[in-house]
Each structure stands twice: as C-alpha cells, then as structure tokens.
Colleague: 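Dumping the structure here so I can ask a few things about it.
Predicted model, so just to flag it, every value in this text is computed and none were measured.
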Amino acid sequence: YERLGFRLTPRSLHSGAVTPGGPVEPWGSGNHCAMFVRGYLEILGITDPNLHSSAKAMLAKYEGAHIVALGVTDAAGAYETLSRRTPGINPMRALERDAAYGSGTRRAKFRNVYTTAEAFPEARFIFIEHVTPEVIWQPTLLDHPNGTLGILEVAICTDDLAESRKRLAALLGAEPDEDAHGGLVWRLGRGALRLLSEAALDRWAPGTRPPHVPCVCGLVLEVGHLHKTRDILEAQGVETLDYVHDQGDDRPALRVDAAETHGIVLAFVEAEDRTHPQEPLVGPQ
C-alpha cells in the first residue's frame with residue numbers, strides 16, 4: 001500500500017475486551033492505517049497467532065477487504081437503534097490501542113458495535129465511536145503521495161442481490177437507489193455503499209473476479225489531482241485501468257486491479273472539493 005502511494009502509520013498492536021463488558025487485554029493482531037481528511041483505510045493482520053483476534057476468522061475465508069466501518073457519535077445509542085431494526089447486532093464493545101504520536105505514543109480508544117457474520121455475511125459492519133479522534137487524525141498523517149483526500153464509496157459483491165438488499169436496508173434504515181450497472185447504491189451522510197451481483201461487478205469493473213462471494217470488493221477514493229495520482233502509480237510500475245465512477249459523472253477517474261491490492265478493486269476519482277481543513281472531519285454521523 002506504500003507502493004500504491006499511501007502514507008501509513010507505524011504498526012499498532014490491538015487490545016480489547018474479548019467478551020462484551022470484559023476487561024481490555026492484548027490481542028494477536030495489529031494494523032497500519034492510511035488516514036484521510038475524510039475517513040481512513042485500515043490494513044490489518046495477525047501479529048501473534050496464540051492470542052485472540054477477530055482477524056483469524058476473516059483470513060480463513062479470504063485475503064482481502066472485510067470491514068465496513070460507519071461513524072457514529074454515540075455507540076451505545078447506535079446499538080439501541082440497530083438492535084430494534086434488525087437481529088444480528090452485538091452489544092457495544094470497548095477497544096483500545098497505542099498509536100504513535102509525535103515522539104511517543106498515545107492511547108486511542110473506540111466504542112464499537114459489530115454485526116454478526118451469520119446475520120450479515122456481506123461484510124463485518126462496525127458502527128464506531130471515536131473516543132479520541134485527535135489521536136488518530138493527526139495532521140502530519142493526512143498528506144499522501146497519491147493525493148487521497150477521502151473515501152467516496154465502498155462496494156460489496158453478493159450472490160443474492162435481493163436478500164442482501166433486504167438485510168442492508170434494515171441495517172441502514174433506508175432503501176437504496178438502482179445504479180447503471182444493475183446494482184444498488186445507498187447514499188450516506190458521507191460517501192456511499194454500493195451492492196453488486198457478480199455480473200454487475202463485472203460491468204462496474206470489467207474483468208474483476210471476487211476472492212470470495214459475498215465480499216467487500218471495491219473502494220473508491222477521492223484525490224486532489226488525478227494526473228498526479230496516475231504519475232505516482234505509473235512510477236511504481238502499477239498498471240492503471242479506465243474507470244467511470246457513476247453514470248453522468250464526468251470527473252477524471254482510474255482504477256487499479258485487485259491483483260495489485262490483495263483482493264480489492266481500488267479506484268481513484270478527482271474530488272469536487274479539494275479543501276484540506278485544519279480540523280479533519282470525523283464521520284459520517
């Protein structure tokens with residue numbers, strides 16, 4: 001992901017409660033993050049196979065993208081709302097990890113509400129309250145060689161579009177719009193969630209074969225100037241392909257094949273808003 005032009009945080013080791021309400025203890029996983037003005041990308045893996053980690057079950061299915069995180073301001077309230085809408089919502093769980101901060105570290109804290117894999121096989125959905133956003137969104141981390149400003153869209157591939165639509169509409173509390181590829185799209189407070197069949201995925205990103213079905217199959221990022229992004233990728237020997245983000249959207253765009261990214265289509269679209277605020281936006285709400 002550094003080769004793809006992302007500035008990554010130093011490795012951070014996870015800890016958390018193994019059971020809801022339990023004590024915070026070390027986990028056997030860690031991450032690097034690419035922090036954006038709007039959102040972030042987490043690259044997660046196993047650091048100690050002898051310790052607990054939710055990453056083990058994900059890697060047993062496939063290597064690739066698994067998690068879709070949606071920001072909330074009150075995780076406890078989100079749990080109450082979500083559990084009234086649909087089954088398959090786990091109680092809020094507290095998580096912590098040390099994050100590099102200046103010449104030392106600071107403790108990053110989160111309150112998360114997870115969906116269960118049985119109720120939502122499409123992805124591991126997390127409704128996340130950032131308790132310490134100032135630790136995560138450090139201004140020095142937000143400038144990326146590839147010019148990424150934020151997450152525009154996440155795409156999911158499913159083998160049953162109708163059933164997945166029903167589940168996700170209940171989870172998100174809204175019905176989707178149809179898209180030009182034969183899929184569905186939810187327009188959220190910030191960004192969008194796209195749902196595609198395998199045939200629709202092939203129309204959205206021709207030639208793409210998902211590593212597993214269902215799975216998180218695509219990530220669309222906004223960048224300041226696409227020609228700079230293309231130059232960075234080509235200088236690293238990364239092949240770029242044509243991409244049209246949405247019907248009627250004539251902004252310059254390109255994509256990188258899943259073979260270059262460990263399992264996910266990665267697309268870049270030139271942003272309409274190139275502002276870089278002093279205080280990063282944290283959301284959506």
Side-chain angles (χ1 to χ4, degrees), residues 1-6 8-9 11-12 14 29-36 38-46 53-71 112 114-117 120-128 144 146 148 150-159 161 164 167-168 171-172 181 183-186 188 190-198 200-202 204-205 207-223 233 238 241 243 245 253-269 284:
Y1 274 77
E2 288 176 334
R3 176 172 172 257
L4 293 169
F6 295 104
L8 301 181
T9 61
R11 179 174 294 181
S12 177
H14 292 152
S29 56
N31 70 2
H32 299 270
C33 289
M35 303 304 305
F36 310 135
R38 296 178 284 275
Y40 61 96
L41 172 64
E42 178 183 15
I43 301 168
L44 187 152
I46 302 297
S53 174
S54 56
K56 292 178 182 178
M58 290 187 279
L59 278 171
K61 290 176 67 176
Y62 64 93
E63 181 186 33
H66 289 262
I67 298 170
V68 177
L70 303 170
N112 292 356
Y114 298 91
T115 56
T116 66
F120 295 94
E122 294 84 3
R124 184 173 174 82
F125 292 98
I126 303 176
F127 294 81
I128 179 169
H144 298 271
N146 64 19
T148 296
I151 296 174
L152 184 62
E153 184 178 302
V154 176
I156 291 173
C157 182
T158 178
D159 54 357
L161 198 64
S164 290
R167 285 192 287 265
L168 298 188
L171 183 69
L172 298 172
H181 311 284
L184 303 165
V185 61
W186 281 265
L188 306 177
R190 177 180 301 151
L193 181 67
R194 191 178 298 269
L195 185 64
L196 302 165
S197 64
E198 290 185 74
L201 171 59
D202 190 50
W204 184 72
T208 300
R209 298 292 179 267
H212 184 273
V213 181
C215 73
V216 182
C217 62
L219 180 66
V220 184
L221 302 173
E222 288 189 302
V223 299
L233 293 170
V238 178
L241 304 165
Y243 174 72
H245 171 238
L254 60 85
R255 68 179 173 94
V256 175
D257 189 77
E260 297 272 16
T261 67
H262 293 272
I264 187 170
V265 172
L266 187 61
F268 299 91
V269 178

Colleague: For Arg3, look at atom CZ and say whether over 12 heavy atoms of other residues, nucleotides or ligands are found less than 6.0 Å away.
Modeller: yes
Colleague: Is there side-chain contact between Asp202 and Arg209, with at least one heavy-atom pair below 4.5 Å?
Modeller: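 SC-SC contact between Asp202 and Arg209 confirmed.
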Colleague: Could you check Phe120 against Val68 for side chain to side chain contact (heavy atoms under 4.5 Å, CB included), going step by step and ending with a plain yes or no?
Modeller: CA-CA 12 Å; Phe120 295 94; Val68 177; over 6 Å; no
Colleague: Mind listing the closest non-hydrogen atom pair of Ala55 and Ile46 along with its distance?
Modeller: CB-CD1, 3.8 Å
Colleague: Can you tell me how far the CD1 atom of Ile67 sits from the OG1 atom of Thr115, to the nearest 0.5 Å?
Modeller: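 Ile67 CD1 to Thr115 OG1: 10.0 Å, rounded to 0.5 Å.
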Colleague: Locate the shortest heavy-atom distance separating Tyr243 from Leu254; write the atom from each residue and the value.
Modeller: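 Here Tyr243 and Leu254 meet closest at CB-C, 3.7 Å.
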Colleague: If you round to the nearest 0.5 Å, how far is CG of Leu188 from CG of Leu70?
Modeller: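 Going from CG on Leu70 over to CG on Leu188, the span is 6.5 Å.
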Colleague: Any chance you could measure Cys217, atom SG, to Arg194, atom CZ, to the nearest 0.5 Å?
Modeller: 10.0 Å
Colleague: Check whether the side chains of Glu153 and His245 place a donor and an acceptor atom closer than 3.5 Å, and report yes or no.
Modeller: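 His245 and Glu153 do have a side-chain donor-acceptor pair below 3.5 Å.
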Colleague: His14 versus Ser53: any side-chain heavy-atom pair under 4.5 Å?
Modeller: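 Counting from C-beta outward, His14 and Ser53 never come under 4.5 Å.
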Colleague: Are the side chain of His262 and the backbone N or O of Gly64 linked by a donor-acceptor pair below 3.5 Å?
Modeller: no
Colleague: Taking C-beta and beyond as the side chain, do Arg167 and Pro121 meet within less than 4.5 Å on heavy atoms?
Modeller: yes
Colleague: Any idea which heavy atoms bring Gly183 and Ala200 closest together, and the distance?
Modeller: N-CB, 4.2 Å
Colleague: Can you name the nearest heavy-atom pair linking Cys33 to Asn31, along with the distance?
Modeller: SG-ND2, 3.6 Å
Colleague: Within the supplied structure, the quantity of interest is the number of heavy atoms (other residues, nucleotides, ligands) at a distance under 6.0 Å from Glu42 CD; does it exceed 12?
Modeller: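 Above 12, so yes.
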Colleague: If I take atom CZ from residue Phe125 and atom CD1 from residue Ile156, how far apart are they, to the nearest 0.5 angstrom?
Modeller: 3.5 Å
Colleague: Just wondering, do Tyr1 and Leu41 contact through their side chains at under 4.5 Å, heavy atoms?
Modeller: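 Result yes, sub-4.5 Å side-chain heavy-atom pair found.
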Colleague: Once rounded to the nearest 0.5 Å, what's the spacing between atom CD of Glu260 and atom CG of Leu266?
Modeller: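 Reported to 0.5 Å precision, the distance equals 10.5 Å.
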Colleague: Any side-chain heavy-atom pair from Phe268 and Leu4 closer than 4.5 angstrom?
Modeller: no
Colleague: Quick one: CZ on Arg190 to CD1 on Ile151, what's the gap to the nearest 0.5 Å?
Modeller: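 So the gap between those two atoms works out to 10.0 Å.
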Colleague: Does His144 have its ring centroid less than 6.0 Å away from the ring centroid of Phe36?
Modeller: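 Yes; Phe36 has its ring centre under 6.0 Å from that of His144.
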Colleague: Over all heavy atoms of both residues, which pair between Ala69 and Ile128 is shortest? Give the atoms and the distance, please.
Modeller: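 Looks like CB-CG2, 4.2 Å.
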Colleague: Are any of the side-chain heavy atoms of Pro211 and Glu63 separated by less than 4.5 Å?
Modeller: no
Colleague: What is the minimum heavy-atom distance between Ala155 and Trp204, and which atoms define it?
Modeller: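 Looks like CB-CH2, 3.8 Å.
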